[in-house]
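This report concerns only the one structure given below.
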Protein chains: 2
Amino acid sequence: MERDRRVTPPPAKAERADLERRTGVALWRQIADRIRSEFISGADEARLPPETELATRFGVNRHTVRAAIAALVGEGALRTEQGRGTFIVRRGRLAYPITPRTRFSAGLEGQARERRTRMLRHTLEAATEEVARALALSPGASVVRIESLGAADGLPVSRATSWYDPQRFARFPEVYARTGSVTSALAELGVSDYLRASTLVEARHADPGDIADLALSPGAVVLVTRALNTDPEGAPIQYSITRFAADRVELRIDYPSGS
Amino acid sequence: MERDRRVTPPPAKAERADLERRTGVALWRQIADRIRSEFISGADEARLPPETELATRFGVNRHTVRAAIAALVGEGALRTEQGRGTFIVRRGRLAYPITPRTRFSAGLEGQARERRTRMLRHTLEAATEEVARALALSPGASVVRIESLGAADGLPVSRATSWYDPQRFARFPEVYARTGSVTSALAELGVSDYLRASTLVEARHADPGDIADLALSPGAVVLVTRALNTDPEGAPIQYSITRFAADRVELRIDYPSGS
DNA sequence: TCGAATTTGTGCGTATGTATG
DNA sequence: GCATACATACGCACAAATTCG
């Protein structure tokens with residue numbers, strides 16, 4: 001039996017300002033999210049309006065606004081001073097370029113003094129269907145799996161899982177651990193150049209692993225890319241899934257004019 | 001020991017396996033999100049595991065799992081049958097291609113039977129710094145602003161705000177409203193072709209406008225693109241900010257490198 | 001130096017929502 | 001469905017720090 005599933009019009013709005021109750025998301029968290037996007041992300045003001053004013057504006061109790069502010073202070077986005085006010089801690093977002101020649105460190109050059117990736121773990125495992133298809137292997141084939149963390153100026157920005165064909169790259173983990181650079185490691189293994197063939201971008205809530213490795217707070221948002229790198233002849237080299245902290249990074253896709 | 005009953009809770013860690021408590025996001029909603037991503041989005045199974053098994057896996061009470069399932073049934077992602085089980089209502093995620101020739105309807109061809117965009121509102125307003133820079137106008141210059149909604153098979157998937165230079169496109173809203181297609185409208189106004197010069201991708205929580213127009217639930221995630229379209233000579237035509245429902249759409253960036 | 005106004009910090013009682021068994 | 005415990009949200013009151021005339 002098909003139920004009334006109206007998709008187009010929103011299910012009757014709350015008469016109260018804007019926030020939705022009884023949705024499983026606490027008001028203080030909804031307010032924290034709105035303060036982030038309305039005052040912190042796009043903002044001109046260095047100071048947040050007083051708590052009483054925010055409470056009126058959002059139609060909630062001052063305690064509730066305070067809970068939201070406390071959460072944002074906890075993640076370092078705001079700073080409060082008794083008697084003076086609540087101030088915005090400004091931290092620019094990195095623009096990570098997605099191009100046919102995407103490279104971590106080179107891509108963030110000029111945006112952070114120090115950029116590096118670090119290998120956390122590596123194993124040999126059976127390829128999932130997704131990985132096998134990307135690397136043109138048969139499902140269940142053995143693949144090298146690498147977990148790494150990308151940081152800019154000491155702040156973690158990305159968390160990647162990547163896979164390589166061991167037939168060609170069995171020594172990759174060892175070389176990568178030594179050089180600390182995917183590009184150098186691949187060069188040493190005979191791949192002088194590689195190109196980004198395709199990138200899929202999605203977004204979701206941070207899972208517990210993201211929260212731990214990227215030092216996020218629960219409820220945070222991550223950008224997820226699934227990328228295939230090939231050699232100049234088009235043979236697959238590496239497939240990777242990378243999670244970026246969405247409040248620290250945005251992705252930039254440029255097309256050289258003329259196409 | 002006095003119990004901690006303060007309203008200001010946030011910075012607290014998880015003790016239980018995976019789900020985070022005290023985060024302002026109810027367990028049943030976190031579980032609903034995980035069922036969506038683990039069983040509904042990427043899945044092979046048509047049937048959800050039994051409630052008791054899910055309860056064990058997530059380390060929560062069966063009541064809590066039932067609340068999550070009830071929410072997903074409410075949004076049409078699951079269907080329960082007494083005595084038989086809980087079944088997944090399959091609706092794949094759309095892959096929205098970002099290319100030098102990005103077009104809404106053509107891009108989703110083959111993925112949805114019916115694709116269309118609809119203009120919600122249009123006004124003349126003063127350009128913000130961001131819009132002015134993109135369209136190569138001076139800040140504060142008058143610009144045409146258009147709000148539109150993109151839908152596939154009746155389900156809203158994107159919500160766009162776009163700006164045009166009124167010197168060249170004063171009649172755009174009228175023509176667009178009539179044709180229902182940006183490409184046709186531009187063609188009628190003398191722009192036979194246009195190219196995507198750059199795209200910036202970010203992700204954030206849905207704001208109340210997103211929740212209303214895209215029929216999302218609070219706490220949902222949206223993908224945001226900021227795009228500049230130019231004519232083949234490189235002169236700016238349109239600047240737009242588009243919000244995609246992240247659980248219905250992913251972005252695909254292809255580079256035809258080898259071909 | 002003083003006080004008044006403004007703003008953040010704290011406490012308590014109560015009602016409702018969420019999660020467990 | 002019931003009983004219990006904790007989390008969330010509200011309302012009210014007052015304390016502490018800062019600003020300003």
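Residue numbering restarts at 1 for every chain, and letters A, B, ... go by the order of the sequence lines.
- When heavy atoms are screened at a 4.0 angstrom cut-off, A:Arg79 is found touching no nucleic acid atom at all.
- Judged purely by distance below 3.5 Å, without hydrogens or angles, the side chains of A:Arg145 and A:Ser162 never pair a donor atom with an acceptor atom.
- Put simply, A:Thr80 has a side-chain N or O that comes within less than 4.0 Å of OP1 or OP2 on C:dG9.
- Residue A:Thr64 places at least one side-chain N or O under 4.0 Å from the OP1 or OP2 atom of D:dC10.
- Rounded to an integer number of Å, the gap from CG of B:Leu27 to C1' of D:dC6 is 12 Å.
- One can place CD1 of B:Ile31 at 8 Å from P of C:dA19, the figure rounded to the nearest angstrom.
- Comparing A:Gly83 and B:Gly24 by the nucleotide of DNA chain D that holds the closest heavy atom to each, the one mapping nearer the 5' end is B:Gly24.
- Nucleotide D:dG11 holds its P atom 16 Å from the CD atom of A:Glu51, rounded to whole Å.
- Contact annotation: side chain of A:His63 to base of C:dG9, donor-acceptor pair absent below 3.5 Å.
- Position along DNA chain C of the nearest nucleotide to A:Pro49 versus A:Thr23 favours A:Pro49 as the more 5'-ward residue.
- Side-chain proximity of A:Ala26 to the nucleotides D:dT8, C:dT20, C:dT8 is greatest for D:dT8.
- A salt bridge does not link B:Arg204 to B:Glu202: none of the charged nitrogens lies less than 4.0 Å from a carboxylate oxygen.
- Contact annotation: B:Asn61 reaches the phosphate of C:dG21 (side-chain N/O to OP1 or OP2, under 4.0 Å).
- Here the C1' atom of nucleotide C:dC12 and the CZ atom of A:Arg66 are 15 Å apart, to the nearest Å.
- Listed pair A:Arg62 / D:dC10 fails the phosphate criterion, with no side-chain N or O lying under 4.0 Å from OP1 or OP2.
- Using a 4.5 Å cut-off on side-chain heavy atoms (C-beta onward), B:Val201 and B:Ile253 make no contact.
- In terms of position on DNA chain D, the residue among A:Glu81 and B:Val25 whose nearest nucleotide sits closer to the 5' end is B:Val25.
- Between B:Arg159 and B:Asp210 there is a salt bridge, since at least one side-chain N of the basic residue sits less than 4.0 Å from a carboxylate O of the acidic one.
- The interatomic distance linking A:Leu54 (CG) with C:dT7 (C1') rounds to 12 Å, in whole Å.
- Distances shorter than 4.0 Å separate some side-chain N or O of A:Thr86 from OP1 or OP2 on C:dT8.
- Across all their heavy atoms, A:Ala152 and A:Leu108 have their closest contact at CB-CD1, 4.4 Å.
- The interatomic distance linking A:Trp28 (CH2) with C:dT16 (P) rounds to 22 Å, in whole Å.
- Nucleotide C:dT8 holds its C1' atom 15 Å from the CD atom of A:Glu53, rounded to whole Å.
- Between A:Tyr96 and A:Gln111, the side chains place no donor N or O within less than 3.5 Å of an acceptor N or O (distance only, hydrogens not considered).
- Side-chain contact between A:Ile146 and A:Pro173 is present, with heavy atoms from C-beta onward closer than 4.5 Å.
- At whole-Å resolution of the value, CG in A:Leu72 and P in C:dT8 are 14 Å apart.
- Taking 4.0 Å as the cut-off between side-chain N and carboxylate O, A:Glu250 and B:Arg226 do not count as a salt-bridged pair.
- OP1 and OP2 of C:dT6 both lie 4.0 Å or more from every side-chain N or O belonging to A:Arg84.
- Comparing the local axis fitted to the first five base pairs of the helix from C:dC2-D:dG21 to C:dG21-D:dC2 with the one fitted to its last five gives a bend of 20°, rounded to 10°.
- When each of A:Ile69 and B:Ala67 is assigned the nucleotide of DNA chain C bearing its nearest heavy atom, the one mapping closer to the 5' terminus is A:Ile69.
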